Undergrad: 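One structure follows; several queries about it will come next.
Note that this is a predicted model, so its numbers are computed, not measured.
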Amino acid sequence: MNRTRTSAAPRPTAGALRLVEASTTAPATIHISAYVRQMTAHCPYLAPSLQQGLTSWTVYRADGEPAAVEAELFHAGVQAAEWLRPLLNRPHGGLRCENIVLLDDVPGARHRDLLAWPHWVLKNLYGPVGIMFGKFHAGEEETARAGARIPAAPVSFLPVRAAVRRRDPRFLTATPGLAAALAVAVDDGRDLLEHVPDQWKEIKTWAKRFLPPVKPSPASPNNSAIPSPQGS
């Protein structure tokens, strides 16, 4: 099985993300501890993960144009997920969480935009084997399903963790197919990248098949908007 194909294949986007700090449970380059403590009130698995030293952070700095940064975020997500896959069946594997942090501005693109497509591709690629991807944008407050306000993240990041099959499908109401796959997810060791293109532009085209249908605009009932992973 070749689980490193995307990272080993030649790609012109290499270098668009610069590693600032390798995976660590106590990052020195970002101020994250207070935020993480606040988030334990919203995630029942975070506190035990922290107590076991199983929540880690890898910090990158953007250093390229938007499409190249997107591509490298995807590759970083693949690396994190493939590292996580064999660990999920070990003791406390379900508590492991690797967070991919994005620092610095990219002219012409918000962090929200830069995370959207990598997040969409990765969660559809890895959901069927029980790995969940999330996304948080620096400075943006969100609201939980119960109505409570979630603290604004101090940095933008993609969390990568084991899926909780009895809970996580409820967060995927906009993508019922993925929710159903996640609810019965089993990792049989398959090569998830076998039928995925190598280049980022083609990967995005491949992932568009998973986008939910867009309802026609009330102003133009005969014309649907262009599908986008924003908010998914």
Side-chain angles (χ1 to χ4, degrees), residues 3-7 17 19-27 30 32 35-36 39-40 42-50 52-60 62 69-90 92-103 111-112 114-138 142 150 153 155-165 167-169 171-172 175 178-179 181-182 185-187 189-193 196 200 203 207 210 229 232:
R3 288 186 171 175
T4 60
R5 177 176 60 79
T6 57
S7 58
L17 281 187
L19 181 65
V20 174
E21 192 167 12
S23 182
T24 175
T25 58
I30 56 174
I32 202 73
Y35 167 75
V36 171
M39 287 298 291
T40 58
H42 301 276
C43 177
Y45 303 96
L46 182 53
S49 176
L50 295 170
Q52 296 288 337
L54 298 177
T55 296
S56 53
W57 305 81
T58 300
V59 183
Y60 294 95
V69 172
E70 283 185 2
E72 291 307 304
L73 284 169
F74 167 74
H75 288 290
V78 167
Q79 286 185 314
E82 293 295 343
W83 169 80
L84 190 61
R85 286 178 74 179
L87 302 178
L88 295 186
N89 293 322
R90 297 184 185 180
H92 308 297
L95 296 176
R96 289 188 176 274
C97 181
E98 171 69 17
N99 298 282
I100 301 166
V101 179
L102 176 65
L103 301 180
H111 279 195
R112 170 180 288 275
L114 294 169
L115 296 181
W117 270 109
H119 170 256
W120 177 255
V121 178
L122 290 162
K123 78 173 186 177
N124 281 281
L125 186 61
Y126 283 95
V129 296
I131 293 180
M132 186 78 168
F133 278 80
K135 67 177 185 298
F136 293 89
H137 315 109
E142 298 187 27
I150 299 175
V155 293
S156 298
F157 66 99
L158 296 172
V160 191
R161 60 172 174 80
V164 182
R165 290 164 180 78
R167 288 172 52 94
D168 285 338
F171 302 118
L172 299 172
T175 52
L178 179 58
L182 193 69
V186 174
D187 192 348
R190 78 191 80 165
D191 180 1
L192 295 174
L193 306 170
V196 178
W200 178 238
I203 291 171
F210 304 113
S232 299

Undergrad: Leu114 and Leu73: which non-hydrogen atoms are nearest, and at how many Å?
TA: O-CD1, 3.6 Å

Undergrad: Applying side-chain hydrogen bond (donor to acceptor under 3.5 Å, both in side chains), name anything that partners Trp200, two or more places apart in sequence or on another chain.
TA: Glu70

Undergrad: Heavy atoms only: give me the nearest Pro118-Phe74 pair and the separation to one decimal.
TA: CB-N, 4.0 Å

Undergrad: How close do Ala162 and Leu88 get, heavy atom to heavy atom, and via which atoms?
TA: CB-CD2, 3.6 Å

Undergrad: Quick one: do the Glu21 and Thr58 side chains pair a donor with an acceptor below 3.5 Å?
TA: no

Undergrad: Roughly how far apart are Leu192 CG and Leu122 CG, rounded to 0.5 Å?
TA: 11.0 Å

Undergrad: Side chain of Ser56, backbone of Thr24: donor and acceptor closer than 3.5 Å?
TA: no

Undergrad: Evaluate the criterion side-chain contact (heavy atoms from CB on, under 4.5 Å) for residue pair Leu19 and Val59; output intermediate values, then yes/no.
TA: CA-CA 6 Å; Leu19 181 65; Val59 183; over 6 Å; no

Undergrad: Kindly give the heavy-atom pair with the smallest separation between Ala207 and Trp120, and that separation in Å.
TA: O-NE1, 3.1 Å

Undergrad: Where do Ile32 and Pro27 come nearest, in terms of heavy atoms and distance?
TA: CG2-CG, 3.8 Å

Undergrad: Taking the side chain as every heavy atom from C-beta outward, state whether Leu103 and Ile30 have any pair of such atoms under 4.5 Å apart.
TA: yes

Undergrad: Can you spot which of Arg96, Arg161, Glu98 makes a side chain to side chain contact (heavy atoms under 4.5 Å, CB included) with Leu54?
TA: Arg96

Undergrad: Less than 4.5 Å apart, any side-chain heavy atom of Phe210 and any of Leu178?
TA: no

Undergrad: In the structure I gave you, are the side-chain heavy atoms of Pro159 and Phe136 within less than 4.5 Å of one another anywhere?
TA: yes

Undergrad: Please determine whether side-chain contact (heavy atoms from CB on, under 4.5 Å) holds for the pair Leu50 and Met39, giving the CA-CA distance in whole Å, both sets of side-chain angles, and the decisive distance to 0.1 Å.
TA: CA-CA 11 Å; Leu50 295 170; Met39 287 298 291; over 6 Å; no

Undergrad: How about Trp57 and Phe157: are their ring centres within less than 6.0 Å of each other?
TA: yes

Undergrad: Working to the nearest 0.5 angstrom, can you tell me the gap between Leu84 CG and Cys97 SG?
TA: 8.5 Å

Undergrad: Once you round to the nearest 0.5 Å, how far does OG of Ser156 lie from NZ of Lys135?
TA: 11.5 Å

Undergrad: So, His119 side chain and Phe133 main chain: donor-acceptor pair closer than 3.5 Å or not?
TA: yes

Undergrad: Run the side-chain contact (heavy atoms from CB on, under 4.5 Å) check on Val121 and Val196 step by step: do they pass?
TA: CA-CA 10 Å; Val121 178; Val196 178; 5.9 Å; no

Undergrad: Quick check for you: to the nearest 0.5 Å, what is the distance between Glu72 atom CD and Tyr60 atom OH?
TA: 9.0 Å

Undergrad: Can you give me the closest heavy-atom contact between Leu158 and Gly134, atom names plus distance?
TA: CD2-O, 3.2 Å

Undergrad: Report the C-alpha distance between Ile131 and Lys123 in whole Å, list the side-chain angles of each, state the deciding distance to 0.1 Å, and finish with yes or no for side-chain contact (heavy atoms from CB on, under 4.5 Å).
TA: CA-CA 8 Å; Ile131 293 180; Lys123 78 173 186 177; over 6 Å; no

Undergrad: Just by distance, no angles: are the side chains of Thr55 and Ser49 close enough, under 3.5 Å, to form a donor-acceptor pair?
TA: yes

